[in-house]
Amino acid sequence: MTFAKSYEPGEFESEIYAAWEAAGVFKPSVSRVPTDDDGNGRDDREVLEKVSSRDGVAPARRHGRSAPHTSVVTSGSPRVTPFSSSSTFSIVMPPPNANGNLHIGHGLTVALEDSLTRYYRLRGLSSWYIPGADHAGFETWVVYERFLEKQGHTRFEFSRDELYARVWDFVAEQRGNMELQLRALGASCAWDDLTFTLDENVIDRVYSTFEKMWKDGMIYRGEKLVNFCPKHQTAFADIEVEHKDEKGTLWDIAYKIDGSSKKIIVSTTRPETLFGDAAVAVNPNGERYTDLIGKFVCLPLTDKKIPIIADEHADPAYGTGAVKITPAHDFDDFEVGERHNLPRLQVISESGKMINVPADYEGLSTEECRKKVLKDLKNQNLLRGEKKIVHSVAHCYKCGTTLEPMLKEQWFVDVEKLAAVAIKHLEAGEIKFYPENKCKVLINYLKGLKDWNISRQIPWGIAIPMFKKVDDAATDEPDWIFDRRTNLREIEKGGVRYVRDEDTFDTWFSSSHWPIVCTDWTEENFNPYYPLNVMETGADILFAWVARMIMMGLYVTGEVPFREVYLHGLVLDAHGQKMSKSKGNVINPMELVTRFGSDAFRLGILRGRSAGMNQAFSEDSVIAGRNLCNKLWNISRFVQGIVGEGSEPNTSFASSRRPVVTGGASSFAAAHANAYESSDSELYTTNAMGEDWICREINECLEQVERDMAEYRFAEAVETLYATIWDKYADWFLESQKLFKNVPLLKKTLETLIIALHPFAPFVTEAIWQNLSWTEGFVAAAKWPARLDFDPISAENFENIRTIVSEVRGTLQSLPGSNNAKKYGLLYDNDSLVKDNQMLIKALAKVPTINALDGAPRGLRLALANHELYLDVPEKVVSEYKEALTERILAVGRELDGLNARMMNPNYVAKAPEHLVKETKGAITEKEALIERLKQQLKLV
RNA sequence: GGGGAUUUAGCUCAGCUGGCUAGAGCGUACGAUUCACAUUCGUAAGGUCACAGGUUCAAGCCCUGUAAUCCCCACCA
């Protein structure tokens with residue numbers, strides 16, 4: 001293969017992914033159940049664990065051979081890895097809707113999760129990224145119902161089982177799309193282990209949990225008010241309800257007091273529910289109505305009599321201080337009703353029509369009824385006032401319909417114990433959160449958690465395994481029994497017939513088992529992948545999902561389901577606005593992948609992002625990512641070109657290590673040449689011409705990336721790699737290598753950078769790896785690079801050369817005229833570094849000549865404290881530069897003043913750490929010298 | 001009412017345990033150009049770290065208060 005002039009992602013991506021998959025690169029190496037392949041009667045995983053614990057992670061890189069000299073910098077700081085005690089890394093994918101396309105949030109999720117997975121795979125852990133697909137109960141149901149409507153059908157033409165079968169086929173037809181998109185994003189997941197939320201093992205596990213809870217008395221059937229969508233004909237959990245502020249009216253209605261001519265005025269926003277009133281409440285502490293407590297009022301428009309009760313719920317300061325209580329149609333009133341044992345009369349049906357009301361009103365919609373009630377009250381002079389107010393109203397998060405509080409028999413989970421256990425473990429710090437504060441937020445939520453309604457009246461979901469007795473004869477039997485045979489509508493047990501509850505589980509009830517079912521956790525066997533190392537998901541479903549996984553994990557397995565939680569925020573558009581179809585600012589991740597490549601998308605979306613924050617995203621960052629891919633491609637093309645040349649006769653260490661240096665430079669280089677054996681036994685040498693320096697920089701980069709990844713600082717890791725590859729490797733090291741070609745080192749350093757970037761940009765790094773002549777296997781299965789050995793003094797020398805070169809370039813730019821770099825040579829005096837590295841400096845600074853100063857100083861002296869260097873410019877130009885020089889002297893003077901002021905402060909000298917004081921002293925000496933030289937220069941001018 | 005965040009360059013964001021002249025990408029300006037890459041190279045400009053106090057030898061960072069923006073939960077007869 002050859003390197004094209006630029007990287008074209010489209011030519012490689014699908015092929016590369018297919019090759020990875022075929023080679024089984026994404027499969028974890030450690031099995032999830034105990035194995036005993038070697039027949040020694042012990043679980044082989046223990047052995048593996050010991051082997052891999054020193055693998056890649058340990059700083060011991062040199063194999064048996066002693067260092068060339070003692071000053072070699074090795075990385076002394078301990079590796080930061082959250083999983084150092086384990087040989088496995090496991091993470092589950094929050095299952096995308098099996099029926100849908102991936103959106104930008106999925107793009108971010110995959111970029112984050114896959115980077116982690118690939119990183120830990122390279123680090124030598126048996127990594128398992130488990131993919132999933134969600135039946136997305138309600139979401140998919142809404143889509144399917146719309147589809148039915150389009151075909152002129154309604155759900156009521158079919159039985160529950162028929163509907164289930166139809167949706168199954170509908171989803172099966174659509175499925176696969178999202179899986180292809182995950183592949184296009186480079187998700188390195190174990191496809192064989194894909195879990196669908198309606199898989200048999202999921203349903204089994206959910207039933208087992210439900211049964212356990214049933215036996216533990218945590219499941220109860222309750223007639224409670226639930227938020228009910230009249231359009232979708234289903235109830236919701238509290239968390240699914242969307243509250244919106246709306247304008248409404250507060251009406252004052254007079255209720256006549258029984259046996260008196262007096263009336264009591266109540267305020268309500270829902271006059272139509274008055275038929276369901278069970279009482280009028282007044283505050284027990286208010287003095288206004290004390291004498292009325294215990295009396296009865298006559299409900300208007302009907303002849304019913306209801307009591308006046310005392311309850312805290314009535315706020316004496318609000319409205320008239322008296323409130324009508326409708327237990328069947330208001331959440332607060334329901335609670336009041338419970339306290340006072342009031343009857344619950346349902347007056348609105350599930351389809352939103354009036355029932356159990358006088359004939360005139362029967363069958364009206366709530367809205368029609370409201371109008372009629374108001375009209376009739378007005379006619380009887382019972383309507384005493386109205387006021388416009390703003391109050392929040394519950395809406396269906398899918399269709400926007402106003403939700404109706406509805407009295408329904410539903411299955412509830414008593415969450416008290418679940419929440420208490422979860423809080424205990426959270427407070428013990430067993431799960432680390434990124435961002436940290438979410439732990440507190442979660443605990444706060446759990447403390448106020450109410451019982452969980454798990455019944456949904458939609459067919460597309462897991463059937464609730466509860467059956468109701470139909471035979472009245474056998475009165476001793478319980479009304480409800482648990483049974484797993486939900487494929488049957490009716491079962492018989494002990495001669496008694498039972499019929500299945502038609503409802504299905506709330507999606508979150510099954511989803512809360514996700515870490516358990518995906519890892520195949522069982523009661524019997526130790527599973528090295530449970531708990532998960534990390535749960536990565538959106539911060540918006542902290543309560544809905546993360547909280548429930550924690551409660552369920554603890555309930556089922558006794559352990560927290562994951563050790564760490566990383567929550568990402570929303571991806572906003574370029575202007576920080578929420579993406580929405582109506583605004584038309586939705587970014588489609590797949591389109592970006594097609595246009596710029598998968599890697600570009602991943603690098604782009606990780607940039608400028610930190611845990612838990614809603615942050616902007618735009619094409620610009622993807623373009624920056626694309627450019628980096630192309631840069632790395634061309635770097636590799638360049639290196640391969642050099643390796644190709646050099647490899648023909650002999651690539652051994654001796655022959656390639658001849659710097660092409662003229663003048664006196666080679667002596668310095670030779671004196672500072674160091675030979676090293678890298679960890680894979682390939683020899684390389686280094687010299688002062690940027691070679692030791694690049695090793696140092698790469699080591700620092702690795703160090704930084706490892707630290708960042710341990711703390712989920714993806715954006716920082718990417719930025720570090722970007723700067724190292726581009727600003728350091730390409731701009732300085734490769735430029736230097738155009739003069740001094742060190743083939744083994746070029747190979748070694750390039751490999752290192754390619755592997756380090758691989759977690760974030762898997763495709764381009766693999767494309768390069770496959771294109772290079774000397775690499776083997778897949779970079780996706782490579783080993784995380786060890787630190788490079790180098791000579792720190794030599795590295796620091798190159799740092800000085802960079803300073804000199806930068807100063808030359810800057811000064812040349814600021815001189816009047818154009819093309820200065822071509823016009824003026826560089827003169828040095830008494831400077832061995834420059835003398836020994838003339839060729840390099842000349843090439844990097846792009847000056848025409850470098851010569852020793854002959855005779856008196858001339859030209860323009862460079863503002864470097866420790867080097868005596870002159871740009872050989874004519875007097876005229878120097879004098880034009882005078883102003884800039886004066887400005888420079890003033891600037892340095894200001895810095896010097898600041899430093900001096902600090903040293904004059906006795907408290908600073910006494911209290912600041914010694915090394916800082918020493919540094920300050922050093923800086924003062926340097927600045928003073930610099931100022932002195934600049935002043936001399938000015939005098940010359 | 002309860003809880004959680006944000007405010008740093010024109011834009012989007014870093015800035016870790018308080019420590020040298022507060023950084024990056026994009027954008028802008030100026031310059032370069034056969035020899036890996038115009039998806040390029042070089043140089044530069046651009047900051048009252050929201051505001052006001054305080055602690056400290058030293059504050060973008062810690063403390064107190066203020067303002068603006070945003071999110072979540074609960075309630076709203």
Side-chain angles (χ1 to χ4, degrees), chain A residues 3 5-7 238-239 243 245 248 250-251 266-270 281 313-315 318-326 330-333 389-393 435 437-438 440-441 444-445 448 539-540 542-543 569-570 572 574-576 596 600 607-610 612-618 620-621 623-624 626-642 707-708 711 713 715-716 719 722-723 730-731 734-735 738 806 809-814 818-822 845-846 891 894-895 898-899 902 905-913 915-917 919-920 922-923:
Chain A
F3 278 96
K5 201 171 173 187
S6 64
Y7 174 61
D238 297 344
I239 199 135
H243 288 274
D245 275 348
L250 185 65
W251 286 280
V266 300
S267 305
T268 181
T269 50
R270 303 206 57 187
H313 169 62
D315 176 359
Y318 191 93
T320 59
V323 54
K324 69 194 216 41
I325 302 297
T326 323
D330 182 280
F331 289 95
D332 288 324
D333 294 4
I389 56 157
V390 173
H391 60 157
S392 93
V393 179
N437 70 295
K438 295 291 179 190
K440 257 167 53 192
V441 175
N444 190 49
Y445 167 78
D540 52 336
L542 174 65
F543 298 155
L570 291 179
L572 307 174
H575 308 288
F596 301 108
R607 181 169 283 247
R609 211 155 287 280
S610 45
M613 302 251 291
N614 299 341
Q615 281 159 320
F617 172 65
S618 74
D620 287 346
S621 57
I623 290 173
R626 190 257 328 247
N627 293 353
L628 177 64
C629 293
N630 188 58
K631 188 72 183 179
L632 187 64
W633 177 264
N634 273 291
I635 285 170
S636 308
R637 183 158 100 110
F638 177 68
V639 171
Q640 179 63 66
I642 295 171
R707 249 197 319 264
D708 288 338
E711 290 166 35
R713 295 156 58 90
E716 288 75 10
E719 201 168 302
Y722 189 103
D731 290 349
L734 288 190
E735 287 305 316
K738 285 176 179 172
S806 293
R809 287 171 177 171
T811 309
L812 284 171
Q813 281 277 335
S814 63
S818 63
N819 251 342
N820 288 327
K822 281 188 174 164
K846 299 226 158 63
R894 281 192 296 271
E895 285 168 26
L899 293 173
R902 192 177 303 165
N905 182 344
N907 281 325
Y908 175 71
V909 183
K911 290 186 183 175
H915 72 273
L916 284 176
V917 179
E919 271 176 39
T920 309

Colleague: Using 30° and 60° as the class limits, which term best fits the ring planes of Tyr7(A) and Trp633(A): parallel, tilted or perpendicular?
Modeller: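 Ring orientation, 0 to 90° scale: tilted.
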
Colleague: What contact category does Glu719(A) fall into here, base, sugar-phosphate, or nothing, at under 4.0 angstrom with non-hydrogen atoms?
Modeller: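 It contacts sugar-phosphate atoms only.
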
Colleague: With heavy atoms under 4.0 Å as the rule, sort Ala616(A) into base, sugar-phosphate or nothing.
Modeller: sugar-phosphate

Colleague: Mind checking Arg626(A) for me? I need base, sugar-phosphate or nothing, with any heavy atom below 4.0 Å counting as a touch.
Modeller: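 Result for Arg626(A) = base.
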
Colleague: For C20(B), give the paired nucleotide (Watson-Crick: N1-N3 plus N6-O4 or O6-N4; G-U: N1-O2 and O6-N3; both under 3.5 Å), or none.
Modeller: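 Check on C20(B): unpaired, no WC or wobble geometry under 3.5 Å.
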
Colleague: For the residue pair Arg607(A) and Phe617(A), would you count it as a cation-pi contact if the rule is NZ or CZ under 6.0 angstrom from the ring centre and within 45 degrees of the ring axis?
Modeller: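 Ring-cation test returns no.
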
Colleague: Considering every strand and a 4.0 Å limit on heavy-atom distances, what is the contact class for Gln615(A): base, sugar-phosphate, or nothing?
Modeller: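 Sugar-phosphate contact only.
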
Colleague: For G15(B), does OP1 or OP2 lie under 4.0 Å from any side-chain N or O of Arg713(A)?
Modeller: yes

Colleague: Gln813(A) CD to C30(B) P: how many Å, rounded?
Modeller: 12 Å

Colleague: Counting any heavy atom closer than 4.0 Å, what does Ala730(A) reach on the DNA or RNA strands: base, sugar-phosphate only, or nothing?
Modeller: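 Result for Ala730(A) = base.
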
Colleague: Taking atom P of C73(B) as reference, at what distance in whole Å does atom NZ of Lys440(A) sit?
Modeller: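 Distance check: Lys440(A) NZ to C73(B) P gives 19 Å.
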
Colleague: So do Ile635(A) and Leu734(A) actually touch side chain to side chain, heavy atoms under 4.5 Å?
Modeller: yes

Colleague: With hydrogens left out and only the distance checked, is there a donor-acceptor pair under 3.5 Å joining Lys5(A)'s side chain and the base of C37(B)?
Modeller: no

Colleague: Searching all strands shown, indicate the nucleotide that pairs with U56(B) (Watson-Crick or G-U wobble; both distances under 3.5 Å).
Modeller: none

Colleague: Does A9(B) have a Watson-Crick or wobble partner in any strand here, with both distances under 3.5 angstrom, and which is it?
Modeller: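 When the pairing criteria are applied, nothing turns out to pair with A9(B), so the answer is none.
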
Colleague: Whole Å only: how far is the CZ atom of Phe617(A) from the P atom of C26(B)?
Modeller: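 After rounding, the reported distance stands at 15 Å.
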
Colleague: When you get a sec, tell me which of C37(B), C26(B), A36(B) is the closest nucleotide to the side chain of Leu734(A)?
Modeller: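 Nearest to the side chain of Leu734(A) among the choices is A36(B).
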
Colleague: For U28(B), what is the paired nucleotide under Watson-Crick or G-U wobble rules, both distances under 3.5 Å?
Modeller: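 Paired with U28(B), as far as the under-3.5 Å criterion goes, is A44(B).
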
Colleague: For the pair made of CD in Glu716(A) and P in A14(B), what is the distance, rounded to whole Å?
Modeller: 8 Å

Colleague: Select base, sugar-phosphate, or nothing to describe what Ser621(A) touches, counting heavy atoms under 4.0 Å on all strands.
Modeller: nothing

Colleague: Classify Lys324(A) by what it touches in the nucleic acid, base, sugar-phosphate, or nothing, heavy-atom distance under 4.0 Å.
Modeller: nothing

Colleague: Decide yes or no on side chain to side chain donor-acceptor pair (under 3.5 Å) for Arg902(A) and Asn905(A), but give the supporting numbers first.
Modeller: CA-CA 5 Å; Arg902(A) 192 177 303 165; Asn905(A) 182 344; over 6 Å; no

Colleague: So, is Asn437(A) close to the G4(B) phosphate, meaning a side-chain N or O under 4.0 Å from OP1 or OP2?
Modeller: no

Colleague: Scan Arg902(A) against the nucleic acid and name what it touches under 4.0 Å (heavy atoms): base, sugar-phosphate only, or nothing.
Modeller: sugar-phosphate

Colleague: C35(B) P sits how many Å from Ile642(A) CD1, rounded?
Modeller: 14 Å

Colleague: Determine the contact category for Asp315(A): base if any of its heavy atoms lies under 4.0 Å from a base atom, sugar-phosphate if only primed atoms, P, OP1 or OP2 are that close, otherwise nothing.
Modeller: base

Colleague: Between Leu628(A) and Ser814(A), which residue's closest nucleotide on RNA chain B lies nearer the 5′ terminus?
Modeller: Leu628(A)

Colleague: Tell me the interatomic distance from Asn634(A), atom CG, to A36(B), atom C1', rounded to whole angstroms.
Modeller: 5 Å

Colleague: Is there a Watson-Crick or G-U wobble partner for U39(B) with both distances under 3.5 Å, and if so, which one is it?
Modeller: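 Paired with no nucleotide.
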
Colleague: Should Val441(A) and Phe543(A) count as side-chain neighbours, where that means a heavy-atom distance under 4.5 Å?
Modeller: yes

Colleague: Could you check whether Leu250(A) gets within reach of a base, just the sugar-phosphate, or nothing at all, counting any heavy atom under 4.0 Å?
Modeller: sugar-phosphate

Colleague: At under 4.0 Å between heavy atoms, what does Pro913(A) touch on the DNA or RNA strands: base, sugar-phosphate, or nothing?
Modeller: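 The residue Pro913(A) makes base contact.
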
Colleague: When the distance from CZ of Arg609(A) to P of A14(B) is rounded to whole Å, what number comes out?
Modeller: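 So the CZ-P distance, Arg609(A) to A14(B), works out to 10 Å.
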
Colleague: What distance, rounded to whole Å, do you find between the two C1' atoms, one in U7(B) and one in C13(B)?
Modeller: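 Here U7(B) and C13(B) have their C1' atoms 13 Å from each other.
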
Colleague: Can a donor-acceptor pair be found, under 3.5 Å and without considering hydrogens, that links the side chain of Gln615(A) to the backbone of Ser610(A)?
Modeller: yes

Colleague: To the nearest angstrom, how far is Glu919(A) atom CD from C20(B) atom P?
Modeller: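 The distance from CD of Glu919(A) to P of C20(B) comes to 9 Å, rounded to the nearest Å.
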
Colleague: Let me spell it out: for each of Glu735(A) and His575(A), pick the nucleotide of RNA chain B with the closest heavy atom. Which residue's pick is nearer the 5' end?
Modeller: His575(A)

Colleague: Using purine N1 to pyrimidine N3 plus N6-O4 or O6-N4 for Watson-Crick, or N1-O2 and O6-N3 for G-U wobble, each under 3.5 Å, what pairs with G65(B)?
Modeller: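 Result: C51(B).
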
Colleague: I'd like to know if the side chain of Asn634(A) and the backbone of Asn630(A) have a donor-acceptor N/O pair within less than 3.5 Å.
Modeller: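 The answer is yes, because a donor-acceptor pair under 3.5 Å joins these two groups.
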
